[in-house]
Amino acid sequence: MFDQNKIYLQKESMLKSQGRKYSLTTNDKVIGRIEETLESRKNLGNQAFKFLGLYNAAGIDLSIVDNNENIIGMIKKEKGFYKNFKIFSRDKVFLAEINSLVKIKSPQMTVISRDGEELVRASGGFGATDFSIIDLKTNEAFSSIKRRSLVYSSIKDNLVKHDGFYIDTSNADSFRSLALLAMSIMVDIYFFNN
């Protein structure tokens with residue numbers, strides 16, 4: 001997947017594209033993107049939810065793509081409020097599901113394998129801006145997700161650009177990195193209603 005230790009995931013403005021799109025950067029260098037598929041963007045049910053401002057109820061299919069246009073994996077969410085996210089390989093093989101516990105004071109997300117085994121848990125604090133990621137087999141923290149703003153040189157960019165997520169992938173294999181990206185998007189959709 002990506003060989004970087006820290007990835008910054010930032011949502012791009014929906015004015016530029018019709019669907020959700022995130023950039024993946026490290027050290028100010030773009031290393032990939034996550035974007036909503038054409039089928040997901042054109043789905044009439046999804047368009048109706050978005051028109052009504054119910055973004056977190058819309059279904060979504062996202063492709064994770066590197067700079068060479070290679071699909072690395074996929075993230076899917078069915079239509080409905082606070083549905084689980086599903087993670088797929090580049091070959092569309094189901095890998096895991098992410099369950100969320102949406103609470104303002106103590107949000108949690110749990111990655112469950114296709115065999116039903118709980119693998120990883122993300123626990124956040126008030127406001128859902130910082131999450132500590134724990135491997136449930138070893139009960140040790142191995143990563144973090146932190147929602148922060150970048151400071152830009154122009155006032156316009158500071159006002160218009162979205163906050164992003166710093167994701168520590170230094171101790172994560174490709175599966176865990178994929179799960180961390182999916183959890184970051186889950187936080188963006190469910191807690192910040194973007």
Side-chain angles (χ1 to χ4, degrees), residues 1-2 4-11 20 22 24 32 34 36-37 40 49 54-64 71-148 163-194:
M1 196 165 163
F2 301 112
Q4 289 70 24
N5 290 332
K6 298 227 184 241
I7 295 174
Y8 186 71
L9 177 135
Q10 185 177 33
K11 183 178 174 187
R20 257 181 214 284
Y22 297 86
L24 299 170
I34 301 175
E36 190 172 357
T37 63
S40 180
F49 279 126
L54 301 171
Y55 296 100
N56 63 3
I60 191 166
D61 294 346
L62 300 164
S63 295
I64 303 170
I71 294 178
I72 295 170
M74 298 189 73
I75 303 166
K76 295 185 181 210
K77 175 198 161 293
E78 300 295 323
K79 289 181 189 77
F81 292 99
Y82 305 111
K83 293 287 188 174
N84 295 340
F85 277 39
K86 294 181 180 175
I87 304 170
F88 295 86
S89 70
R90 73 178 61 142
D91 302 321
K92 299 182 181 179
V93 174
F94 175 70
L95 300 174
E97 186 168 28
I98 303 174
N99 292 342
S100 67
L101 180 59
V102 181
K103 290 184 175 180
I104 297 297
K105 291 184 179 178
S106 57
Q108 276 189 350
M109 296 172 285
T110 305
V111 178
I112 301 170
S113 73
R114 61 180 159 218
D115 301 327
E117 180 182 6
E118 292 186 352
L119 303 173
V120 173
R121 176 162 295 133
S123 299
F126 184 80
T129 56
D130 293 346
F131 285 84
S132 176
I133 316 299
I134 297 168
D135 181 329
L136 293 175
K137 288 182 181 177
T138 64
N139 211 26
E140 293 181 16
F142 72 91
S143 183
S144 64
I145 298 172
K146 297 179 181 190
R147 184 174 190 256
R148 301 289 187 269
D163 291 345
F165 297 89
Y166 287 97
I167 306 165
D168 179 5
T169 57
S170 55
N171 295 319
D173 56 19
S174 60
F175 169 74
R176 285 179 172 180
S177 295
L178 192 60
L180 290 169
L181 291 171
M183 286 189 281
S184 299
I185 292 170
M186 188 178 241
V187 170
D188 186 48
I189 292 172
Y190 288 161
F191 295 98
F192 299 101
N193 204 14
N194 290 324

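The residues of the chain are indexed from 1 along the displayed sequence.
Partners of D61 under the side-chain hydrogen bond (donor to acceptor under 3.5 Å, both in side chains) rule, at least two apart in sequence or in another chain, do not exist in this structure. Under the ring pair (Phe, Tyr, Trp, His ring centres under 6.0 Å) criterion, F85 pairs with Y190, not counting sequence neighbours. Residues that satisfy the side-chain hydrogen bond (donor to acceptor under 3.5 Å, both in side chains) test with K6, not counting sequence neighbours, are absent from this structure. Contacts of N99 classified as side-chain contact (heavy atoms from CB on, under 4.5 Å), with partners at least two apart in sequence or in another chain: N84, E97, I112. Annotation: side-chain hydrogen bond (donor to acceptor under 3.5 Å, both in side chains) contacts of S63 (sequence neighbours excluded): none. Shown here are the side-chain contact (heavy atoms from CB on, under 4.5 Å) partners of D115, two or more places apart in sequence or in another chain: S113. The side-chain contact (heavy atoms from CB on, under 4.5 Å) search around A58 returns N46, F49, K50, not counting sequence neighbours. Judged as a side-chain hydrogen bond (donor to acceptor under 3.5 Å, both in side chains), and not counting sequence neighbours, N56 has no contacts. Shown here are the ring pair (Phe, Tyr, Trp, His ring centres under 6.0 Å) partners of F88, two or more places apart in sequence or in another chain: F94.
For the atom pair I75 CD1 and I87 CD1, the distance stands at 6.5 Å (nearest 0.5 Å). With rounding to the nearest 0.5 Å, the separation of CD1 in I98 from NZ in K77 is 13.0 Å. Remark: L181 CG to Y22 OH distance equals 11.0 Å, nearest 0.5 Å. In this structure, R147 CZ and Y166 OH are separated by 12.5 Å, a value rounded to the nearest 0.5 Å. Rounding to the nearest 0.5 Å gives a distance of 8.0 Å between CG of L24 and CD1 of I72. Rounding to the nearest 0.5 Å gives a distance of 7.0 Å between OG of S184 and CE of M109.
Between I60 and Y55, every side-chain heavy-atom pair lies at or beyond the 4.5 Å cut-off. Side-chain contact check for I34 versus I185: some heavy-atom pair is nearer than 4.5 Å. Looking at heavy atoms from C-beta onward, F175 lies in side-chain contact with V111 at the 4.5 angstrom threshold. The shortest distance between side-chain heavy atoms of I167 and M183 does not fall below 4.5 Å. Put simply, the side chain of V120 reaches to within 4.5 Å of the side chain of F142, judged on heavy atoms. Contact check for L119 versus L136: no side-chain heavy atoms found under the 4.5 Å cut-off.
Pairs engaging residues 131-144 under the side chain to side chain donor-acceptor pair (under 3.5 Å) rule: D135-R176 [sequence neighbours left out]. Identified under the salt bridge (charged side-chain N to carboxylate O under 4.0 Å, His left out) test for residues 119-132, with sequence neighbours left out: E118-R121, D130-R148.
Checked by atom type and distance alone, the side chain of T169 pairs as donor or acceptor with a backbone atom of N5 at under 3.5 Å. Although no hydrogens or angles enter the test, the distance criterion places no donor-acceptor pair under 3.5 Å between the side chain of Y82 and the main chain of S100.
Considering every non-hydrogen atom in both F191 and P107, the closest pair reads CZ-CB, 3.3 Å. In terms of heavy-atom proximity, S40 sits nearest to G59 at OG-O, 3.8 Å. Nearest heavy-atom pair, K83 versus M186, reported as atom, atom and distance to 0.1 Å: O-CE, 4.1 Å. Residues L180 and D168 come closest through the heavy atom pair CD1-O, 3.7 Å.
Defined by atom type and a distance below 3.5 Å, a donor-acceptor pair is missing between the side-chain atoms of D91 and S89.
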### Task
Give the intermediate values and the outcome of side-chain contact (heavy atoms from CB on, under 4.5 Å) for residues R114 and L95.
CA-CA 6 Å; R114 61 180 159 218; L95 300 174; 4.1 Å; yes

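The environment of CD in Q108 is crowded: more than 12 heavy-atom neighbours from other residues, nucleotides or ligands sit within 6.0 Å.
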